[in-house]
Amino acid sequence: MDEQARIMQTLGGVNLSGHPGQGGMTLPPPHGHDGTDVDGRKQDIGDILHQIMTITDQSLDEAQAKKHGLNCHRMKPALFSVLCEIKEKTGLSIRGAQEEEPPDPQLMRLDNMLLAEGVAGPEKGGGAAAAAAAAAASGGAAGDNSIEHSDYRAKLTQIRQIYHTELEKYEQACNEFTTHVMNLLREQSRTRPISPKEIERMVNIIHRKFSSIQMQLKQSTCEAVMILRSRFLDARRKRRNFSKQATEILNEYFYSHLSNPYPSEEAKEELAKKCSITVSQVSNWFGNKRIRYKKNIGKFQEEANLYAAKTAVNAAHAVAAAVQNSQTNSPTTPNSGGYSAPCYQSDGRIQ
DNA sequence: GCCCATGATTACTG
DNA sequence: CAGTAATCATGGGC
């Protein structure tokens, strides 16, 4: 039994003895609640503190001995029955205070969220749920930010681990404390009447206290997941300019198909591969480009001319190479960029 | 720090 | 569901 328990036990024992002032542990008489005697109360508290501070193993042993003496006292059974009687009379108020706890809606919400995020619940499902959540958050664009996905999963796993460790700790502490209190009460029940109901009530109080701590844990875990998610979503929205090369390839395609700048799915895939971006990024790019070009053709004129010239040079090179090729050995016509024939005029305008 | 360019998102349409 | 138009939010030049 630890020091605290011994103190409590001693206090209980001494209190019960009804002989304050003996045995080195004196508790002040109950105080009036008028609040006028503030100085006196301070003095009392000071006394109590002093008594606690001056507790020694010796005084505790003395108290134990006194308690033992009391237990063996011939008047003890009579005193015990009187206490039982008093208890019986005051028991009504305790019974009246009985309450069945309805499930806390906030706790349920937190539980549901933790379950949905894969933090609570079975391990295997957790990872899958997290991955699914991540995929859903990315708008279904598969594979485009797998780095963030794994990062997200790793962080979520970390949160999950911390959550479970803490939860376990709380549970253990709760059990330990409950056992401790029950032992204490059992011990005390030898000198004062304690009904099983009271013990149950006490256990309930302890459990409620611990579950409120658990609720805090759940709340902060939820917050952590939320922050992680928002960061993840922010990262998704973060814009990175495409490489110069990629923009060039896209522009070349756009201006060489100015009459119909709608790449087919295959063309998009090819462009995506060439630019090291996703198909949806290619679609975004063309969507943006079309609308921006249409809105201000004048502004893009120079660019259009530039790419028209570029494509023309490419085509010329291709032709030259083809001519050279045909002159040497092969009858086939090689393709410079892999694109279809440009359908632009020399000034870059749509045909 | 401002301002324009630009990639991403969203609401809407056919 | 692809495409349009508007809008958001950031990058980057000045």
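Note on naming: letters A, B, ... go to the chains in the order of the sequence lines (proteins, then strands), and numbering restarts at 1 for each one.
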From CD1 of A/Ile277 across to P of B/dG7 the rounded distance in Å is 8 Å
Residue whose closest nucleotide on DNA chain C lies nearer the 5' end, A/Ser283 versus A/Lys295
A/Ser283
A quick test of your reading: do over 12 heavy atoms of other residues, nucleotides or ligands sit less than 6.0 Å from CD of A/Gln245?
no
Give a yes/no answer on whether the side chain of A/Lys289 brings an N or O atom under 4.0 Å of OP1 or OP2 in B/dG7.
no
Could you tell me how far apart A/Arg240 (CZ) and C/dC8 (P) are, to the nearest whole angstrom?
22 Å
Residues A/Lys169 and A/Glu166 bridged, charged N to O under 4.0 Å:
yes
To the nearest Å, how far apart are A/Tyr293 OH and B/dA5 P?
16 Å
Return no unless some side-chain N or O of A/Tyr262 is found under 4.0 Å from OP1 or OP2 of C/dT4.
yes
Note: A/Glu303-A/Lys289 ion pair, threshold 4.0 Å (strictly below)
yes
Is the phosphate of C/dG3 approached by A/Lys268 (side-chain N or O, under 4.0 Å from OP1 or OP2)?
yes
Mind checking if A/Arg292 touches a base, just sugar-phosphate, or nothing, with heavy atoms under 4.0 Å?
base
Are A/Phe286 and A/Tyr253, when compared by the centres of their aromatic rings, separated by less than 6.0 Å?
yes
Given C/dG11, is OP1 or OP2 found less than 4.0 Å from the side-chain N or O atoms of A/Asn241?
no
Per atom distances to the A/Lys294 side chain, the nearest of C/dT4, C/dA6, B/dA8 is C/dT4
Counting only side-chain nitrogens and oxygens, does A/Gln281 get under 4.0 Å of the OP1 or OP2 atom of B/dA8?
yes
Between B/dC4 and A/Lys299, is there an OP1 or OP2 to side-chain N/O distance shorter than 4.0 Å?
no
Once you round it to whole Å, what is the distance between C1' of C/dA2 and CD of A/Glu269?
15 Å
What integer distance in Å separates A/Phe242:CZ from B/dG7:P?
5 Å
Atom CZ of A/Phe286 and atom P of C/dA5 are separated, to the nearest Å, by 17 Å
Which whole-number value in Å describes the distance from A/Asn284 CG to B/dT9 C1'?
8 Å
Rounded distance (Å) that lies between atom P of C/dC8 and atom CD1 of A/Ile291
16 Å
Just checking A/Met215: does its CE atom have more than 12 heavy atoms from other residues, nucleotides or ligands closer to it than 6.0 angstrom?
yes
